[in-house]
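For ligands, and for the atoms within them, numbers begin at 1 and follow the listed sequence. Small disclaimer: the values here were computed from a predicted structure and weren't measured.
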Amino acid sequence: MASLLLGLLYATGTRALDNGVGKLPALGFNTWNLYQCDYTADVLIEQAQAMVDHGLVEAGYSTFMLDDCYSLKERDQKGKIVADPEKFPKGMRHFTKSLTKLGFRAGIYSDAGYRTCGGYPGSYGHETQDLETFADWGFQYLKYDNCYIPFDNVTQENVYGRYVRMADAIEARAKKTKSQPVQFALCEWGWQQPWIWAGRLGQSWRIGGDIRPWWSALSSIINQASFIATETRFYARNDLDMLEVGNTNQGTPPGNLTYDEAKSHFTAWALLKSPLLIGSDMASASKETIEILENKDILKINQDPNVGEAIAPFRWGRNPDYTWDPAHPAQYWTGNSTYGVVFMVLNTQDTAQKMSFNLTESWAIRAGRVYSVYDMWAHTNNGTAYRDISLTLPPHGVAALLLNDAGPEPAGVEPYCAGYWQCSFPNGTYYSN
Ligand code: GLA
């Protein structure tokens, strides 16, 4: 049982559930942003086909998540969830088989309360039965929401306890059937600090409420993520919510992201190692949208098989460090990767801005070295740098840089230490004196 296992995990100091699934962030599509409840199996398969046609599945976007509203409003006499025969006239198995044929893994949605957020049956008290149904239908991934939860005196447990119920069902089923556990994506909107405990139960957890396709919503999520960026690791991910890339002048309500905002959105989500689930229409997607979603340089960092940690802020930049500001989150971020040291610089201002940082502000940089600089948006090598990098970014624009060691600094560069505090000659004289 997950609850028993918990004690053991504590004992060994392991904080992520490594049950063999979901080591890296999930990439794919989620139906909610684009369709809400208005879809049929045919429409979804057309969407899946459009993803194949654009090379998105090949690029790694291979989880297809069926979100809310797929069932009838009431269970059958045996308490089983019934797929809506109008939306799925050939049944759910036919639907997941069609997805599998196109190269996808199928994912489904349920809820830890009585009803889903759309008012369809939720899995509270039916965890084992519903999991059986989902697995039988061919789903291998479960997003688990938090609407219509029972009264305290009914459950006498908290959000945590209701998610443990499903995590236990997943574990028990995997054991019983000797099959791979269903991947578990918790969605309790960051209510009760899921970044502390959800990694014991599943592979990702939403960190906040529902995303919207405009900048203030994105900057607010980035702000929230900046304080918990270090909680993401292999098998356990902060989920920043579905992507809004492509929802400019589209979607309900229609989005208004500029090209630069869409790039910043994708960069932050990917480098923070969030799951990346597309939520716009791929059949009518613009060339820019596809180019953003298929940025190989950035995707490969999201999917780094050797480095599980995400980038994290080293300096907030505009506000004092560690200041909560949904409109102006941290601007200077870094992390390590198999491919080099990663920097993300984000202009959170509404006007173009010159931005500068010292390389050794990044923990992953070696002091006293020269670095080659690769631009992960222009896909160009931009020469070498040591000590400082300065760049000018458009409003809400981003730079994503990959730095690699290119030898020692030229001799005699002053000051002798980029960070001079406590820097000293061998005889004990401070350099700064
Ligand atoms: C909640 C979730 C969304 C979506 C809807 C479906 O709002 O946070 O991501 O799943 O429910 O009703």
So is [X] actually on top of [Y]'s ring, under 6.0 Å and inside 45° of the axis?
X	Y	result
K90	F95	no
K87	Y39	yes
K143	Y109	no

Give the residue and atom name of whichever protein heavy atom lies nearest to [atom], and the separation in Å to one decimal.
atom	answer
atom 9 (O) of ligand 1	K143 NZ, 2.8 Å
atom 7 (O) of ligand 1	D210 OD2, 2.7 Å
atom 5 (C) of ligand 1	W32 CE2, 3.6 Å
atom 4 (C) of ligand 1	D67 OD1, 3.5 Å
atom 1 (C) of ligand 1	D145 OD2, 3.0 Å
atom 12 (O) of ligand 1	D68 OD2, 2.7 Å

Out of all atoms in ligand 1, which are within 4.0 Å of some heavy atom of [X]? Include the element for each.
X	result
M242	9 (O)
W189	2 (C), 8 (O)
C187	8 (O)
G118	12 (O)

Measure R206 to ligand 1 on non-hydrogen atoms and call it side chain, backbone, both or neither using the 4.0 Å cut-off. side chain
Donor-acceptor pair, side chain of R315 and main chain of D321, under 3.5 angstrom: no
Nearest-0.5 Å distance, CD1 of residue I81 to CD of residue E132: 12.5 Å
Assert yes or no for the condition that the ring centre distance of W316 to Y332 is strictly below 6.0 Å. no
Just by distance, with hydrogens left out, do D325 and T323 show a side-chain donor and acceptor under 3.5 Å apart? no
Hey, are D130 and S123 close enough side-chain-wise for a donor-acceptor pair under 3.5 Å? yes
